[in-house]
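Only one structure is covered here, and it is reproduced in the block below.
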Amino acid sequence: MAERYSSFAPGGTRWLLQRITAAFLVVVLAFHFFQLHFVTHAAEVTFMGTQARMQNVGYFLTMVLFLITAAFHGVNGVYNALINQGLEGTRKKVVLAVLVIAGGALIAQGVYVAVAMAGWI
Amino acid sequence: MYEHDVIVVGAGGAGLRAAIAAHEAGADTAIVSKLHPVRSHTGAAEGGINAALQEGDDWELHAYDTMKGSDYLGDAPAVETLAKNAPEETMNLEHWGMPFSREEDGRVSQRPFGGLSYPRTTYAGAETGHHLLHTMYEQVVKRGIQVYDEWYVMNLVTTDEDDPKDRECHGVVGYDVQSGTIEGFKANNGVVLATGGPGQAFDHTTNAVSCTGDGHAMAYRAGAPLEDMEFIQFHPTSLPSTGVLISEGVRGEGGILYNSEGERFMFEYGYANNSGELASRDVVARAELTEVGEGRGIEDEYVHLDMRHLGEDRIMDRLENILHLAEDFEGVDGLVEPMPVKPGQHYAMGGIEVDENGQTCVNGLYAAGECACVSVHGGNRLGGNALPELIVFGKRAGQHAAGEDLGAPEIRTGYGDDVEDDDTELPVQPGSAGLDTASGVAADGGVTADAEGMLERAVERERERVDRLMDRDSGVQHSEIRAKLQQAMTDYVNVFRTEEGVKKALKIIRECREEYQNVYVDDPSRTFNTDLQQTYETRNLIDVAETIALGALVRDEFRGAHWRKEHQERKDDEWLKHTLISWNEGDPDIFFRPVILEGENKTYEPKERSY
Amino acid sequence: MSTQQQQEPESQEVPQDPDMKGAESPQQERLREKQEGMVDEHAEKEAEAAGETVHIKVFRYDPEVAAKQEPRFDDFHVPFEKGMTVLDAVMYARDEFDSSLTFRHSCRQAVCGSDAFFVNGKQRLGCKTQISDLEQPVRIEPLPHQEVVKDLVVDMDHFYDQMHAVEPYFQDEDTPDSSELEEQRQSPENREKIKMSSRCIWCGACMSSCNIAAGDNEYLGPAAINKAYKFAMDDRESEEIKEHRLRILEQEHGVWRCQTQFSCTEVCPKDIPLTEHIQELKREAVKKNLKFW
Amino acid sequence: MSQSYNRGLIEDFGRWKEFSAGMWAWIFHKFTGWMLIGYLFTHIAVLSTAIGAASGDASMIQAETDVYTTTIQGLEELFIVRVLEVGLLAVAVFHILNGLRLLMVDLGIGLEAQDRSFYASLVLTGAITVASVPTFLSGVGF
Ligand SMILES: Cc1cc2nc3c(=O)[nH]c(=O)nc-3n(C[C@H](O)[C@H](O)[C@H](O)COP(=O)(O)OP(=O)(O)OC[C@H]3O[C@@H](n4cnc5c(N)ncnc54)[C@H](O)[C@@H]3O)c2cc1C
Ligand code: HEM
Ligand code: SF4
Ligand code: F3S
Ligand code: FES
């Protein structure tokens with residue numbers, strides 16, 4: 001009976017992280033939107049302005065954290081959605097691998113971009 | 001063919017308890033039930049379980065109350081066994097996790113109930129039966145007891161010696177409702193019938209559609225007599241369209257009954273000048289029917305139960321669930337209109353004759369629960385006494401069937417030298433009317449009397465019967481016969497019984513039997529053929545209804561729930577005895593056995609039953 | 001339907017027909033006149049509009065019968081009576097029109113849980129649904145997301161498996177012997193806490209309404225989780241057992257699959273706050289895990 | 001189970017009409033979540049032009065003619081991009097509001113009002129979106 005459900009992954013950790021990242025994202029995403037559409041209009045974005053912001057270490061770190069949490073939150077969300085549809089076995093493993101790689105790549109590229117924006121390379 | 005030591009037929013409170021007991025006694029046990037266990041009608045019980053649990057209460061008081069309630073037709077050994085064992089069995093349920101209602105100090109709550117001298121009704125909210133049923137099913141799951149659910153038991157497999165006492169029950173024939181397969185179930189040690197009440201013999205009942213008295217009829221035809229079938233309890237307040245029970249609580253809180261003229265008839269017409277609406281169940285039920293009979297019923301059918309004057313606050317506080325019941329099942333808002341109510345069949349005190357160990361006179365055949373008559377309830381069951389019966393006698397039947405020694409029973413069963421024959425003139429010949437009469441499978445005159453062979457032949461016989469029913473494509477449908485039967489029972493063998501009426505009912509029952517010979521099943525499918533199942537059930541209902549009517553005819557006195565127009569008093573000199581009816585190969589035989597009033601420590605002297 | 005009348009019960013159907021009665025009492029006469037008058041006054045069509053008959057469309061399917069192998073809807077017009085439920089209507093249709101119409105039912109009072117159907121697009125108990133509350137024609141189907149066996153009967157085995165999977169029984173082995181009749185104490189508050197969860201009648205409506213359960217067969221489903229809640233929250237069982245229970249629930253296909261769709265809570269005929277219970281268990285499971293960090 | 005037996009058209013016919021608030025919320029949340037993660041990928045891709053800009057000529061940055069600035073501003077000149085941005089805002093706002101609703105649900109707060117809180121998120125999303133249109137569309141063709 002219950003044995004059928006004993007996998008090694010109690011989903012609780014991911015569930016909790018999804019909530020925690022969400023709570024964090026509410027704040028940062030609102031800030032981000034506000035910053036780039038209302039304070040600075042998107043149409044007025046220039047590399048110079050971006051660089052100026054990015055060189056502020058606090059802002060830089062916030063954005064990197066924003067990226068990491070959003071990537072985790074988004075990728076984990078997609079993975080959950082697929083499991084909910086009854087994804088099983090090898091296909092599930094493949095999907096997980098693809099999502100982890102994509103998420104990792106997204107973060108790597110994003111961090112690289114941020115560093116470049118700050119002009120540190 | 002399936003094979004187990006003990007086969008329990010039915011998975012209500014009694015069946016589950018029997019199965020657990022048999023399993024614990026080490027027998028390989030299986031439950032065969034036409035409903036999934038949690039669908040059994042035990043789940044409908046609301047009130048509670050009587051058990052003398054508290055300091056100051058004791059089993060002897062419980063026994064005394066029960067005996068008095070039974071109108072001195074209970075057998076003392078049975079009544080005392082019930083009262084003695086109920087506390088332990090109730091505690092057992094608690095330890096299995098049943099969510100009883102609690103007191104502040106964490107102990108189980110008990111409340112007062114009609115006819116009890118001490119508040120000893122243990123309850124779990126207003127859904128005691130539901131919790132009892134589910135708790136016990138949980139234990140069955142825990143123990144991994146095999147359950148064949150949605151298997152309809154069609155017949156018992158017994159040998160066919162002349163005297164039922166020499167017969168042996170070897171198992172049952174089951175029909176897998178889902179697939180239509182018919183298979184034998186061999187029972188090495190015993191078969192326990194726990195098939196519940198026969199409420200569907202009446203057209204208006206608080207019982208479920210599945211309460212068709214299958215166990216009664218099967219045991220009856222196998223040779224075990226049916227006992228005290230005339231004692232049927234009617235509840236005065238059930239909703240007219242569904243039979244859903246409106247609890248006594250409404251009247252207890254001050255609800256008033258009105259007839260179509262708006263009169264408070266309980267007082268106006270002097271049915272109960274002192275207690276009015278709160279008079280005992282049978283009194284109120286008779287009053288209601290008299291009103292309707294005299295043209296003061298509403299829509300010629302029911303009376304009104306009004307609780308509006310209690311005020312919304314009080315109703316919401318104490319009777320909220322009644323509002324939901326009236327709304328959901330009758331479409332009536334109890335806050336703005338009176339609720340329609342009428343008497344409904346509620347409980348059968350009688351049943352398959354068994355001793356304290358649950359055994360019938362047929363070897364290896366047991367019965368427990370509402371289908372059995374030990375007899376605890378005698379002429380009238382007290383509220384809250386059926387559930388303890390399930391667990392106390394369910395357990396004993398299971399244990400005994402599994403081979404445990406429970407001591408020799410004091411109650412005797414079957415036809416014997418202690419019975420007295422009946423000589424009432426019957427208006428029609430009851431019994432077979434050409435339907436298959438044989439009760440058992442021929443033991444082949446000793447040639448090949450092995451159980452397996454017998455089971456195979458019994459299965460074959462049922463297969464043929466099914467083919468016959470399905471192949472025919474015209475005739476009568478069971479629903480027509482059933483409706484006619486139910487109508488007759490409600491018209492003539494209801495709360496009011498007159499000699500003439502009961503005789504009329506017997507004639508109609510006879511007609512039903514004759515019509516049943518042409519019954520056919522329209523649905524050609526073998527998959528989930530409920531038409532076929534109900535056709536079987538209707539046959540059983542005819543047999544059971546007939547015994548009720550026969551009992552009602554021969555018992556010419558007024559005792560407990562049995563009221564006879566011509567005989568308005570309890571006749572203790574003549575009638576301190578049980579009515580027994582045995583099938584006798586299609587030619588029913590009526591006889592009587594004296595009640596046992598000698599208890600362990602005292603003899604119960606019949607007294608006026610007044611509260 | 002009175003007992004004392006000396007008439008032959010000729011009629012087996014609609015017992016309301018006063019013409020069927022023998023010797024009439026004044027009341028019956030009045031009634032009959034009233035009813036006859038009504039028939040005269042109203043055209044038949046109007047009678048129908050006034051709700052005299054109910055139009056139901058019932059899903060039909062039978063893998064064995066050629067004419068029913070292709071699922072279809074059958075129409076029935078059932079005479080309306082006050083207080084009629086959806087179950088009453090299908091029973092009438094079965095008994096009077098087509099005896100092969102198949103559905104589960106038993107108690108007629110919302111305790112056995114056999115007759116959850118998909119009625120006008122919602123999972124409901126047939127016996128607990130007043131037909132007058134529904135828009136006509138009333139469409140009656142078997143529960144979605146479960147295999148149909150025949151007509152309105154669905155295969156419940158998977159549901160039962162899930163219910164059994166949460167180990168729905170007290171784990172303690174000690175039962176009292178006859179000498180000591182001590183109950184396990186439980187505070188009224190604790191009993192109150194598990195009250196709602198203990199009302200489940202295994203009807204399967206919730207499971208059928210949940211999209212997640214439909215997509216993921218292994219998901220325990222709201223009813224089973226609620227069953228586990230009843231045990232996990234019962235103080236009579238020890239802490240270790242509670243932890244064991246949470247371990248079952250926090251498997252991948254346990255509580256985490258619930259996406260708080262709330263449809264289970266909405267359809268539950270026993271008004272059990274299923275979503276709330278599931279959410280509470282999620283929090284309990286997280287709390288338990290945090291202890292080890 | 002749903003997969004194992006096909007009830008034909010009857011099974012699916014008009015089912016969506018029968019969805020309740022909680023189910024719609026779930027579907028919208030899913031949809032907006034996927035949009036957002038999709039956007040995040042594109043967003044980083046577009047922003048990657050910053051790498052080119054940074055490694056390019058500093059004078060172009062001064063003159064605001066570096067690839068990053070031109071790409072962004074070029075995109076911003078397109079009316080369709082502005083409209084898409086409003087869409088993104090709507091999507092994000094709904095996801096945030098409903099996400100907050102879900103967080104409350106997870107904490108067991110206000111479960112009885114779950115349908116109303118869903119409608120509230122919808123209405124608020126609409127209002128915020130409409131209110132932001134002037135800001136978002138300023139400077140393109142108006
Ligand atoms: C509305 C209502 C309220 C009540 N309230 C109380 C109360 O408060 N207190 C109290 O003490 N008593 C009460 N009673 C009485 C009590 O509930 C019943 O007498 C008792 O539950 C009967 O239990 P049982 O196990 O004998 O039968 P049931 O619970 O009826 O079970 C019968 C079982 O037999 C099976 N079965 C039947 N025929 C066959 C067949 N042919 N083949 C296979 N299986 C078959 C069925 O599937 C079912 O599982 C109440 C009764 C009703 C109707
Ligand atoms: C800003 C605040 C945000 C909040 C409050 C929030 C909240 C949530 C919550 C609570 C869930 C889980 C739903 C569930 O499992 O029941 C979720 C799912 C999801 N979120 Fe977010 N989120 C936010 C931002 C984002 C962002 C920025 C992205 C994109 C990168 C994103 C993408 C997703 C995805 C893809 C899902 C899965 C949806 C699904 O079930 O299919 N979210 N969100
Ligand atoms: S939780 Fe409610 S809907 Fe689900 S099975 Fe139990 S009673 Fe039915
Ligand atoms: S419908 Fe399903 S998703 Fe959760 S809230 Fe109920 S179990
Ligand atoms: S018939 Fe029992 S729940 Fe409806």
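Side-chain atoms are counted along with the backbone in the values below, which use heavy atoms only and exclude waters and symmetry mates.
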Cut-off 4.5 Å, heavy atoms of chain B, and the answer for C/Leu101 is backbone
Under a 4.5 Å heavy-atom cut-off, does chain C meet the side chain of B/Arg526, its backbone, both or neither? both
Select one option (side chain, backbone, both, neither) describing which atoms of B/Thr205 are under 4.5 Å from chain C's heavy atoms. both
Residues B/Lys565 and B/Glu500 bridged, charged N to O under 4.0 Å: no
Salt-bridge test for B/Glu291 and B/Arg296: reply yes if a basic N is under 4.0 Å from a carboxylate O, no otherwise. yes
Under 4.0 Å between a side-chain nitrogen and a carboxylate oxygen: does that hold for C/Asp235 and C/Lys193? no
What part of C/Lys82 gets within 4.5 angstrom of chain B, counting heavy atoms only: side chain, backbone, both, or neither? both
Salt-bridge criterion met for C/Glu167 and B/Lys142 (N-O under 4.0 Å): no
Is C/Lys128 reaching over with its side chain to a backbone N or O of C/Pro269, donor-acceptor style, under 3.5 angstrom? yes
Under 4.5 Å to a heavy atom of chain B? For C/Val153 that would be side chain
Looking only at B/Glu103, B/Gln534, B/Gln477, most heavy-atom pairs under 4.5 Å shared with chain C are made by B/Gln534
Go through the atoms of C/Arg236 and report whether side chain, backbone, both or neither lie under 4.5 Å from a heavy atom of chain B. side chain
Quick one: which of C/Val65, C/Thr85, C/Thr102 has the most heavy-atom pairs under 4.5 Å with chain B, could you say? C/Thr102
Would the C/Tyr160 and B/His36 ring centres measure less than 6.0 Å apart? yes
In terms of heavy-atom proximity below 4.5 Å to chain B, should C/Lys68 be classed as side chain, backbone, both, or neither? neither
Short side-chain to backbone donor-acceptor contact, B/Asp523 and B/Asn529, under 3.5 Å: no
Can you check whether B/Ser210's main-chain N or O pairs, donor with acceptor, with B/Lys34's side chain at less than 3.5 Å? yes
Please check this pair: side chain of B/Arg107 against backbone of C/Gln184, looking for a donor-acceptor N/O pair closer than 3.5 Å. no
Under 4.5 Å heavy-atom distance to chain B, tell me which part of C/Met91 shows up: side chain, backbone, both or neither. side chain
Select, from B/Thr242, B/Leu53, B/Thr290, B/Thr527, the one with the greatest count of heavy-atom pairs under 4.5 Å involving chain C. B/Thr527
Select, from B/Glu89, B/His134, B/His478, the one with the greatest count of heavy-atom pairs under 4.5 Å involving chain C. B/His134
Which portion of C/Glu189 sits near chain B, non-hydrogen atoms under 4.5 angstrom: side chain
Quick one: of C/Glu192, C/Met156, C/Arg191, who has the most non-hydrogen atom pairs under 4.5 Å with chain B? C/Arg191
Toward chain C, the part of B/Ala124 with a non-hydrogen atom under 4.5 Å: both
Assert yes or no for the condition that the ring centre distance of B/Tyr137 to C/Tyr169 is strictly below 6.0 Å. no
Is the C/His105-C/Phe103 ring centre distance short of 6.0 angstrom? yes
Max heavy-atom pair count under 4.5 Å with chain C, selected residue of B/Glu288, B/Glu150, B/Gln139, B/Gln486: B/Glu150
Cut-off 4.5 Å, heavy atoms of chain B, and the answer for C/Ser132 is neither
Let's test your reading of the structure: which of C/Ser99, C/Cys107, C/Gly83 forms the most heavy-atom pairs below 4.5 Å with chain B? C/Ser99
Contact class of C/Arg199 relative to chain B, heavy atoms under 4.5 angstrom: both
What part of C/Asp88 gets closer than 4.5 Å to chain B, counting heavy atoms only: side chain, backbone, both or neither? side chain
Of the listed residues (B/Asp105, B/Val244, B/Val332), which shares the most heavy-atom pairs with chain C below a 4.5 Å separation? B/Asp105
When the 4.5 angstrom heavy-atom criterion is applied to B/Glu330 and chain C, the contacting part is both
So, the part of B/Met98 with a heavy atom under 4.5 Å from chain C: the answer is backbone
If I measure from the heavy atoms of chain C, does B/Ser101 come under 4.5 Å with its side chain, its backbone, both, or neither? both
Region of C/Asp62 that comes under 4.5 Å of a non-hydrogen atom in chain B: side chain
B/Thr128 (side chain) donor-acceptor with B/Glu46 (main chain) under 3.5 angstrom: yes
Of C/Cys127, C/Ser187, C/Ala110, C/Ser198, the largest count of non-hydrogen pairs under 4.5 angstrom with chain B goes to C/Ser198
Between B/Pro240 and B/Glu301, which heavy-atom pair has the shortest distance, and what is it? CB-OE2, 3.8 Å
State, to 0.1 Å, how close B/Met470 and B/Ser525 come at their nearest heavy-atom pair, and which atoms those are. CE-O, 3.8 Å
When heavy-atom pairs shorter than 4.5 Å are enumerated against chain C, which of B/Leu532, B/Asp149, B/Leu133, B/Asn207 gives the highest number? B/Asn207
Bottom line for C/Met163: the part with an atom under 4.5 Å from chain B's heavy atoms is neither
When the ring planes of C/Tyr61 and C/Phe59 are compared, do they come out parallel, tilted or perpendicular, using 30° and 60° as the limits? tilted
Answer whether the closest heavy-atom distance between the side chains of C/Met207 and C/Gln146 falls below 4.5 Å. no
Of C/Met84, C/Arg94, C/Lys195, C/Arg104, the largest count of non-hydrogen pairs under 4.5 angstrom with chain B goes to C/Arg104
Nearest heavy-atom pair of B/His204 and B/Pro343: which atoms, and what distance? CD2-O, 3.4 Å
